[in-house]
Amino acid sequence: MASSSCLFLFCDRPSNQNFPPSRPPAYPARVNVTVSGKTRHHRTVTFDQRTNRVQLIEQRLLPHEFRIVSTPDHRATADAIRDMVVRGAGAIGATAAYGLAQGAREYTGRNSSAFAKHVERVFHTIASARPTAVDPVNAMAQVRTHMAAGESVEEQKALALAAAEEFAHEDVEHCRAIGEHGARLIGNGMNVLTHCNAGWLAFVDIGSATAPMYAAHDAGRKFHVYCDETRPRSQGATLTAWELAQQGVSHQIIADNAAGLLFARGEIDLVIVGSDRTLGRTGEVANKIGTYTKAVLAKRHGVPFYVAIPLSTIDWKMRSGDEIPIEERDASEVLGAWGALADPKGKTKSTARARRAYVRVANPTSGAFNPGFDVTPPDQITGIITPAGIFKPGELWKHRRVLGGPR
Ligand code: MRU
């Protein structure tokens, strides 16, 4: 499928005039996890009002063990984001929204100006946990806007929690709408490449890049997904592959450097990835390190390259991709690898407590440089799949009203 054949999908006007919908649709929940033969629905991120704890799927253990953990206070919530217990732009956005509400609810006084200073500190603690994704900042800004309507401290706390719940709900709704718009890109017999994990583990439910895949799968289309392994943390091999397996979608994991061969052989028809920050003014897309490489390959081989994003991923302020803060993580992630210890037959038990272990791979006297993200310029991107339709990257600003941008 050549990129030009997809052009009819672009919106001159938003293709979904009903977005946002006036009432919640009955979307199929996706985080249906089967452990020990039992299937249950889980959201990636939830909040327990009674204990004031954020509850998270412990993503560092997947796919070897499924465990829910909870954070006792907003500092622990920030640590969970930093240490990647929870990761993926939408999921850390929802976690940040709940974390801000959690922090607000930790305040025991009645003094409004001291409360405002406390909330400001909570905001900065959480915002600094991971710098590249804009979703946490946008999510917390949305919560604070709602809080401003409250007069007393107690009112503001209640509004904070309601706004965080609303953000989480919107995140799911945006992903569902992305699926509706993006599903038509995936035809029978196609091979789709994705990078990192932009699935339901990276959001509250459904996912962004995976949403069109799940919608096409539900429509009975047969296609195959190549999951980039996504070194150094292997989110493609561990998380995306696990999700697709849970959903029964045909897939294979490929080493990051195998994609060139597949493109050259004409074995990739479409690329869909997520984003941690998409600039509304320029159409530049920050996403997991290695995304840019795949975009260049896709362009070289005339394969359409799409980026799927909820509205919370758009940064309307930044004027250049050069300004995007690129997270640099610890060298140990590149110098070695985390995994579960295999039994002698090479199998791991997915239900038992996995023996998670770090193995050193690289030369012990060498250091490593470990940037977490890169920036793909708009001319390498065929389209941005949003909840309001599919847009050319350079036209986000023109459509900013329907995309929740400034007037
Ligand atoms: O470092 P991670 O695992 O948080 O990176 C995640 C990604 O890069 C995803 O592709 C991205 O968040 C977009 S989808 C939410």
Side-chain angles (χ1 to χ4, degrees), residues 30-31 44-45 56-60 62 80-96 129-139 167-168 170-172 174-175 178-179 182 193-214 227-243 256 271-278 285-295 305-315 324-330 333-334 338 370-376 381 384-387:
R30 277 294 169 187
V31 193
T44 307
V45 184
L56 304 164
I57 295 175
E58 185 17 309
Q59 299 198 26
R60 296 172 304 179
L62 288 170
I81 294 173
R82 184 178 301 103
D83 299 339
M84 295 176 70
V85 170
V86 59
R87 33 64 53 205
I92 62 175
T95 305
R130 291 196 76 190
T132 302
V134 76
D135 300 62
V137 172
N138 283 344
F167 181 86
E170 267 174 28
D171 182 83
V172 182
H174 284 196
C175 289
I178 288 167
L193 177 72
T194 191
H195 190 69
C196 195
N197 172 262
W200 45 253
L201 288 163
F203 289 87
V204 176
D205 203 340
I206 302 174
S208 61
T210 51
M213 301 177 199
Y214 294 146
C227 310
D228 278 341
E229 179 187 21
T230 320
R231 278 284 290 153
R233 289 188 70 102
S234 305
Q235 293 96 325
T238 58
L239 305 177
T240 305
W242 182 70
E243 272 193 31
D256 292 316
V271 185
I272 312 180
V273 298
S275 168
D276 288 83
R277 189 186 295 246
T278 293
V285 165
N287 193 45
K288 179 53 57 191
I289 192 79
T291 301
Y292 173 52
T293 321
K294 302 304 149 70
F305 184 97
Y306 284 89
V307 180
I309 54 164
L311 303 187
S312 58
T313 300
I314 305 178
D315 181 334
I324 298 174
I326 300 295
E327 177 182 3
E328 282 181 33
R329 296 192 62 87
D330 199 84
E333 293 181 350
V334 173
W338 284 96
N370 185 14
F373 298 90
D374 57 28
V375 179
T376 301
I381 299 167
I384 311 274
I385 312 169
T386 77

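Order of listing sets the numbers, starting from 1, for every ligand and every atom in it. Side-chain atoms are counted along with the backbone in the values below, which use heavy atoms only and exclude waters and symmetry mates.
Every atom of ligand 1 is numbered from 1 in the order shown, and the set under 4.0 Å from a heavy atom of F373 is 1 (O), 5 (O), 8 (O). The distance from ligand 1 to the heavy atoms of M84 drops below 4.0 Å at these ligand atoms: 1 (O), 2 (P), 3 (O). Atom numbering of ligand 1 starts at 1 in the shown order; those under 4.0 Å from a heavy atom of Q235 are 1 (O), 2 (P), 3 (O). Listed by number with element, the atoms of ligand 1 under 4.0 Å from a non-hydrogen atom of F203 are 14 (S), 15 (C). Each of the following atoms of ligand 1 lies closer than 4.0 Å to a heavy atom of A89: 12 (O), 15 (C). If you number the atoms of ligand 1 from 1 as listed, the ones under 4.0 Å from a heavy atom of G90 come out as 15 (C). Interface of A202 with ligand 1, defined as ligand atoms under 4.0 Å from a residue heavy atom, comprises 15 (C).
V172 is listed as a side-chain neighbour of I206, based on a closest heavy-atom distance under 4.5 Å. Side-chain atoms of C196 and T230, non-hydrogen and from C-beta on, do get closer than 4.5 Å to each other. Between V86 and I81, some side-chain heavy-atom pair lies under the 4.5 Å cut-off. The shortest distance between side-chain heavy atoms of P387 and L311 falls below 4.5 Å.
Residue contacts with ligand 1: G274 is placed with no nitrogen or oxygen under 3.5 Å of a nitrogen or oxygen of the ligand (distance criterion only). Ligand 1 has a nitrogen or oxygen under 3.5 angstrom from a nitrogen or oxygen of G88.
In S275, the part holding a heavy atom less than 4.0 Å from any atom of ligand 1 is the backbone. Counting heavy atoms closer than 4.0 Å to ligand 1, residue C196 contributes side-chain atoms (C-beta onward) but none from N, CA, C or O.
The closest protein non-hydrogen atom to atom 5 (O) of ligand 1 is K288 CE, 3.2 Å. Scanning all protein heavy atoms for the shortest distance to atom 6 (C) of ligand 1 gives R87 NH2, 3.4 Å. In terms of protein heavy-atom proximity, atom 4 (O) of ligand 1 is nearest to R130 NH1, 2.7 Å. The closest protein non-hydrogen atom to atom 14 (S) of ligand 1 is A198 CB, 3.3 Å. Distance from atom 11 (C) of ligand 1 to its nearest protein heavy atom, with residue and atom name: D276 OD1, 3.0 Å. From the protein, the heavy atom lying nearest to atom 10 (O) of ligand 1 is N287 OD1, 2.8 Å.
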* Asked: Do R130 and M84 pass the side-chain contact (heavy atoms from CB on, under 4.5 Å) test, and can you show the C-alpha distance, the side-chain angles, and the key distance before you say yes or no?
  -> CA-CA 9 Å; R130 291 196 76 190; M84 295 176 70; 3.8 Å; yes
* To do: Please assess I381 against V285 for the test side-chain contact (heavy atoms from CB on, under 4.5 Å), listing each intermediate value before the final yes or no.
  => CA-CA 9 Å; I381 299 167; V285 165; 3.5 Å; yes
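V375 is linked by a side-chain contact (heavy atoms from CB on, under 4.5 Å) to E284, A286, I324, I326, counting only residues two or more places apart in sequence or in another chain. Here T293 pairs with nothing under the side-chain contact (heavy atoms from CB on, under 4.5 Å) rule; sequence neighbours left out.
At a threshold of 4.0 Å, the pair R231-D256 does not count as salt-bridged, since none of the basic side-chain nitrogens sits closer than that to a carboxylate oxygen.
Atoms OG1 and CG, on T313 and D135 in that order, are 3.5 Å from each other to the nearest 0.5 Å.
Residue contacts with ligand 1 include N197, since one or more of its heavy atoms lies under 4.0 Å from the ligand.
Under a cutoff of 6.0 Å and an axis angle of 45°, K288 and F373 form a cation-pi pair.
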